[in-house]
Number of protein chains: 2
Amino acid sequence: MMGKLTREAVVERALEIGDAEGLQAVTIRRLAQELGVTPMALYWHFKNKEQLVVGMADHLIEGFEITPDGSRPWREQLRELVGRLVRMLRRHPCAEAVLEEVDKMEVPAFLRVWDTALGLTLRAGFGARESCLITRYILQGAIALAGGSVEHRRCGPEGHAEHVRLKRVRFQSLPPDTYPNIVRMAVPLTERGDAELYDTFGVDLLLSGIESMAARLDG
Amino acid sequence: MMGKLTREAVVERALEIGDAEGLQAVTIRRLAQELGVTPMALYWHFKNKEQLVVGMADHLIEGFEITPDGSRPWREQLRELVGRLVRMLRRHPCAEAVLEEVDKMEVPAFLRVWDTALGLTLRAGFGARESCLITRYILQGAIALAGGSVEHRRCGPEGHAEHVRLKRVRFQSLPPDTYPNIVRMAVPLTERGDAELYDTFGVDLLLSGIESMAARLDG
DNA sequence: ACCTGAACACCGTTCAAGT
DNA sequence: ACCTGAACACCGTTCAAGT
């Protein structure tokens, strides 16, 4: 057809489908059909479906351009790293699912982020085992937190609004004596467009845990 | 066969398979076969596979027995809640996958936990929107953190040890100039048996973030 | 109420073959 | 090197039918 079937083109198409309809809609056969090609053609470029998802993850994280800088404070750099992760996760509705499904050890770009985060926490004065736990905490935490702020854009913005309304109604019609807070807070629970809160309060929340643990080290 | 095919029996068998071989091994057909029954028999007890996974999630969280107690400090109660979540997640290797796949709104036991957490953060003085974000952060964070401390027990403890060794070798054989910290920390990165660190330092990490944000409210 | 049998529409993947 | 065709073993699910 038009142009060549390249690895990158496949991955980008997969991300489009995933962002629009959820990762479960990304299927070898569906992907092949949309690319005007036979399903088996994809097996030339990817060993199997798992490697395709690895490719998607790598494409999402690639280009974060983290430059470890010994002169800047570690908090600042860690915050920047987390901020980029969070923003990417909100741009791509399927990113959370991709990063959960994938074996992160197979994703070069993720390993780079991880390595940078490790370097920063070690510099903060944490021990080896604590640093491992902290980096896992912060990366997974960022994914979980930012992922929660995203609804799959199944059918454009109007479908999204409808989806929110439906969810709210379901919360409100729960038995109020067993779920008093959820029923009462149905509105704020379903408000998600609120990107600002995630970028400030959310990232603060993630990092302040680490910072207060670091303060205990110094004290 | 022996005994009746009950909803609970199906869910428990599904959890056994999931813990032993991973959630992707939990299949309607496989489950039916192990229960000595036709695949379609399961559709009498569950509307579809999604509802089966909901049942698994509910069974995992059920019986947490969270009793909101106005006289105890919120930090303490929140810590207890998170501790129970973390311990359950380590007992059940497939719990993380189950809780990620499922729509948590459909899981009554999870809604109870969520409601309790909401009540506690509201009592701590956070606003409605902040409380929603914090409870999402702490529940998702606990899942992510504890889930990371678990390897699927594919083939007993000896297979597990072999799996860890293999992972370590893969870390060590990465290019050291692009992943210096990961290569250097290959050993602590792959040590996971270390339950104690997760139960103490890990939970501290999660909660100290919230506590320091709460301190800013008072200050 | 509880379960079976046969069928449908979908998967991922292999393997030999084409150009 | 890059793609196709046919086939295999597996899914979840429906629907009519049995007891």
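Given the structure is predicted, the values throughout are model-derived calculations rather than measurements. Below, chain A is the first sequence line, B the second, and so on; all start at residue 1.
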Where are the stems of DNA chain D, defined as at least 3 consecutive Watson-Crick or wobble G-U pairs with both distances under 3.5 Å?
C:4-8 with D:12-16, C:12-16 with D:4-8
All pairs passing salt bridge (Lys or Arg N to Asp or Glu O under 4.0 Å) where residues 33-54 of chain B contributes a residue, at least two apart
B:R13-B:E34, B:R30-B:E34
For the atom pair [atom1] ([X]) and [atom2] ([Y]), what is the distance rounded to the nearest 0.5 Å?
X	Y	atom1	atom2	result
B:L52	B:Y43	CG	OH	9.5 Å
A:L145	A:I138	CG	CD1	11.0 Å
A:L78	A:L207	CG	CG	5.5 Å
A:L85	A:F64	CG	CZ	4.5 Å

Apply side-chain contact (heavy atoms from CB on, under 4.5 Å) to [X] and list each qualifying residue two or more places apart in sequence or on a separate chain.
X	value
B:V187	B:R168, B:Q172, B:E191
A:T67	none
A:M105	A:D103, B:K167, B:R170, B:F171

Nearest to the A:L5 side chain among C:dT4, D:dC3, C:dA1, which nucleotide is it?
D:dC3
Among C:dA1, D:dC2, D:dT4, the one nearest any side-chain atom of A:K4 is D:dC2
Report the distance from atom [atom1] of [X] to atom [atom2] of [N], rounded to the nearest whole Å.
X	N	atom1	atom2	result
B:Q24	D:dC10	CD	P	15 Å
A:L35	D:dT4	CG	C1'	16 Å
B:Q33	D:dC10	CD	P	10 Å

Return no unless some side-chain N or O of A:H45 is found under 4.0 Å from OP1 or OP2 of D:dC3.
yes
Reading 5' to 3' through nucleotides 12-19 of chain D, protein heavy-atom contacts under 4.0 Å coded B for base, S for sugar-phosphate only, - for none:
BBB-----
